[in-house]
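Below is one structure, written out as structure tokens; the observations come after it.
These figures come from a predicted structure and were not determined experimentally.
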Amino acid sequence: MLKQQLNFKLSQKLSPQQIQLMKMIQLPTQAFEQRIAQELEENPALEGGKEESDEFDDEFSNEEYDEGNEVIETDINVDDYLSDDEVPSYKLSANNYSADDEEKQMPYAAGTSFTQHLMTQLNTYRLNKEEKEIAIFLVGSVDESGYIRRDLQDIVDDLAFTQNIYTTEDKVEKVLKIVQELDPAGVAARDLQECLLIQLERKEQTPSIALAIDIIDDSFDQFSKKHYKKLIQKLNITEDQLREAIHDIEALNPKPGGTYSGNNKIVEHVVPDFTIRIVDGELDLTLNGRNAPELHVSHDYKNMLKGYKESTEKSKAQKDAVMFIKQKLDAAKWFIDAIKQRQQTLYITMNAIMHHQKEYFLSGDERKLKPMILKDIADKINMDVSTVSRVANSKYVDTPYGTKLIKEFFSESMKNDQGEDVSTREIKKILEITISEEDKRKPLTDDKLAKILLEKGYPIARRTIAKYREQLDLPVARLRKEI
């Protein structure tokens, strides 16, 4: 029976053009600009910028061409490629492109890489040949957060196998201490405890800093679990002394590599694909103007066809050339049409999302976000769920309340005590507000949070509270405790 079902399985194949269109829809603005630049470079029949009027188009757009009895190998109607219908008309029925011509290029963070930053400092140290090679290897082992998360014996083995350097753990640890002197403070630590200690030891040694060092060095487990009463008893200190030491520790950087602006990865600034503004109490949606480039078919390629049309003899070379021209023109025409479809799809999808979440966009109150899944929007605009997903997962919208990733507006629904559908985003926001307003000396447990939300009209199980809390990246009550 199973075999028979498999034989009748429906398989639908998309054309290469449809696949390319789906990929283009998924591209955010910056990547889309790069895709256009690539196409302009690869297809000489496609040109950017405004197209100037050309009498040639009008002269040949409606003429008939007859080859007589000769069979044209290219099987091409030249007039199809001499018409003026490739002039783009990107404006949709709504004026939905923002005038942001001044923002032509994507800003990047400048600077050298994090590794180069460390190497520059390392060159100021006087090391022998072996120490220098070990130090270079250690710097190369520092990850993006600034840590060396490897066992020293593994590093010793790697030095032997890959660098032909035979050394010992003691020598590697000696050089590691030198590397740990580099900036930013805490770099090349092997774990969080060592990272914090390195930073504390560089500070002016006040009584508070000295106490912080004792806590991290001798009582790190109790500190990380916020067993404050045990720390007070163990170290024989007052609550105020502990509070001051904890304040010093909290001022440290747990990821020293992340603060360096010239990290290994180029930092990209988000370019919003849409903008929503409130105009006279109504929502106004615009699509970033950089998504509407002006493209047209090359006049040089039209002139080539004109020459082929006017020639009395059609050589094999000419026919081959016309076939090449036809392929490039087909690709250019398709690309221009795909851009139009992409623009329409983006605008229609975001417009439906905006109207579905109208109350939120007018107020900025996340508690007014309605339940919304991909199928809700797909049904409204009569498109496939996968298309809506491509728009939602990769696009940003600039709102009066900040730039948001569109997929953040989607959420499942739950029933409140009135039997009404409410968004899980609404419930998470209420949970987040409740936790932010709690007494940090006595944080609310998940059981207590469940009771509070029940009183507010949201009957939610404790395990669901725990799940939402974890999704909000909020720790359990014990770890939220402050003194």
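For the atom pair NZ (K395) and CD1 (I25), the distance works out to 8.0 Å, reported to the nearest 0.5 Å. Taken from CG in L252 to CD in Q199, the straight-line distance is 5.0 Å, to the nearest 0.5 Å. Atom CG of L431 sits about 9.5 Å away from atom OG of S436, to the nearest 0.5 Å. With rounding to the nearest 0.5 Å, the separation of CD in E359 from NZ in K368 is 6.0 Å. Atom CG of L287 sits about 6.5 Å away from atom CD of Q343, to the nearest 0.5 Å. Expressed to the nearest 0.5 Å, how far CD1 of I348 lies from CD1 of I353 amounts to 12.5 Å.
Remark: side-chain polar atoms of Q357 are paired, donor with acceptor, to backbone N or O of K370 under 3.5 angstrom. The closest donor-acceptor contact from the side chain of Y401 to the backbone of S363 lies under 3.5 Å.
A pairwise comparison of heavy atoms in L46 and F335 identifies CD2-CD2, 3.6 Å as the closest pair. Residues C195 and G186 share a closest heavy-atom pair of SG-O, 3.7 Å. Across all their heavy atoms, A185 and P256 have their closest contact at O-CB, 3.5 Å. Scanning all heavy atoms of the two residues, the minimum distance from S394 to L405 falls at C-CD1, 4.5 Å. Residue D183 comes nearest to L118 through the heavy atom pair O-CD2, 3.4 Å, listed as atom of the first residue, atom of the second, then distance. Shortest non-hydrogen contact noted between I377 and H356 is CD1-CB, 4.3 Å.
Applying the side-chain hydrogen bond (donor to acceptor under 3.5 Å, both in side chains) rule to Q327 yields no partners; only residues at least two apart in sequence or on another chain are considered. Applying the salt bridge (Lys or Arg N to Asp or Glu O under 4.0 Å) criterion to K442, with sequence neighbours excluded, gives no partner residue. In this structure K225 satisfies the salt bridge (Lys or Arg N to Asp or Glu O under 4.0 Å) test together with D221, sequence neighbours excluded. Qualifying side-chain hydrogen bond (donor to acceptor under 3.5 Å, both in side chains) partners for S389, counting only residues two or more places apart in sequence or in other chains: N393. Residues meeting the ring-ring contact (aromatic ring centres under 6.0 Å, His included) test with F223, sequence neighbours left out: none. The side chain to side chain contact (heavy atoms under 4.5 Å, CB included) check on T120 picks up nothing, with sequence neighbours excluded. Under the side-chain hydrogen bond (donor to acceptor under 3.5 Å, both in side chains) criterion, E42 pairs with Q38, sequence neighbours left out. Scored by the side chain to side chain contact (heavy atoms under 4.5 Å, CB included) test, L283 finds I276, I278, M354, K358, F361, L362 as partners (sequence neighbours excluded). Residues satisfying the side chain to side chain contact (heavy atoms under 4.5 Å, CB included) criterion with A331, sequence neighbours excluded, are N43. Listed by chain and residue number, nothing satisfies the side-chain hydrogen bond (donor to acceptor under 3.5 Å, both in side chains) test with T349 (two or more places apart in sequence, or in another chain).
In this structure, E438 and I435 have side chains that are in contact, with non-hydrogen atoms separated by less than 4.5 Å. Under the 4.5 Å side-chain criterion, counting only non-hydrogen atoms from C-beta, L27 is not in contact with R390. In this structure the side chain of M22 never reaches within 4.5 angstrom of the side chain of Q26, judged on heavy atoms. By the 4.5 Å heavy-atom criterion applied to side chains, Y147 and L192 are counted as neighbours. In this structure, the side chains of M24 and I339 come closer than 4.5 Å at one or more pairs of heavy atoms. Using a 4.5 Å heavy-atom cutoff, the side chains of D158 and D154 are not in contact. Side-chain contact between Y468 and L449 is absent, with no heavy atoms from C-beta onward closer than 4.5 Å. T434 is listed as a side-chain neighbour of K456, based on a closest heavy-atom distance under 4.5 Å.
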Original post:
Which is it for L295 and L40 under the side chain to side chain contact (heavy atoms under 4.5 Å, CB included) test, yes or no, and what are the steps along the way?
Top reply: CA-CA 9 Å; L295 301 174; L40 285 169; 4.0 Å; yes
**OP:** Show your reasoning for whether side chain to side chain contact (heavy atoms under 4.5 Å, CB included) applies to Q34 and Q30.
**Re:** CA-CA 7 Å; Q34 295 171 352; Q30 171 64 13; 3.2 Å; yes
Subject >> Candidate pair V388 and I381, rule side chain to side chain contact (heavy atoms under 4.5 Å, CB included), full reasoning >> reply: CA-CA 9 Å; V388 177; I381 61 179; 4.1 Å; yes
**OP:** Could you walk me through whether D398 and R277 pass side chain to side chain contact (heavy atoms under 4.5 Å, CB included), step by step?
**Re:** CA-CA 8 Å; D398 181 21; R277 291 290 177 260; 2.8 Å; yes
Report all side-chain donor-acceptor pairs from residues 459-467 shorter than 3.5 Å, counting only partners two or more places apart or in another chain.
none

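Counting heavy atoms of neighbouring residues, nucleotides and ligands inside a 6.0 Å radius, atom CG of D439 exceeds 12 of them. Within a 6.0 Å sphere centred on NZ of K23, other residues, nucleotides and ligands contribute 12 heavy atoms or fewer.
Using a cut-off of 4.0 Å between Lys/Arg side-chain N and Asp/Glu carboxylate O, E39 and R35 are scored as salt-bridged.
With respect to D273, the side-chain contact (heavy atoms from CB on, under 4.5 Å) criterion is satisfied by exactly one of V397, V391, T29: T29. Each of N351, T403, L346 was scored for a side-chain contact (heavy atoms from CB on, under 4.5 Å) with F274, with one residue passing: L346. Each of Q341, K333, K340 was evaluated against D337; a single residue qualifies, Q341, per the side-chain hydrogen bond (donor to acceptor under 3.5 Å, both in side chains) test.
The stretch residues 374-387 participates, sequence neighbours left out, in these salt bridge (Lys or Arg N to Asp or Glu O under 4.0 Å) pairs: K375-D379.
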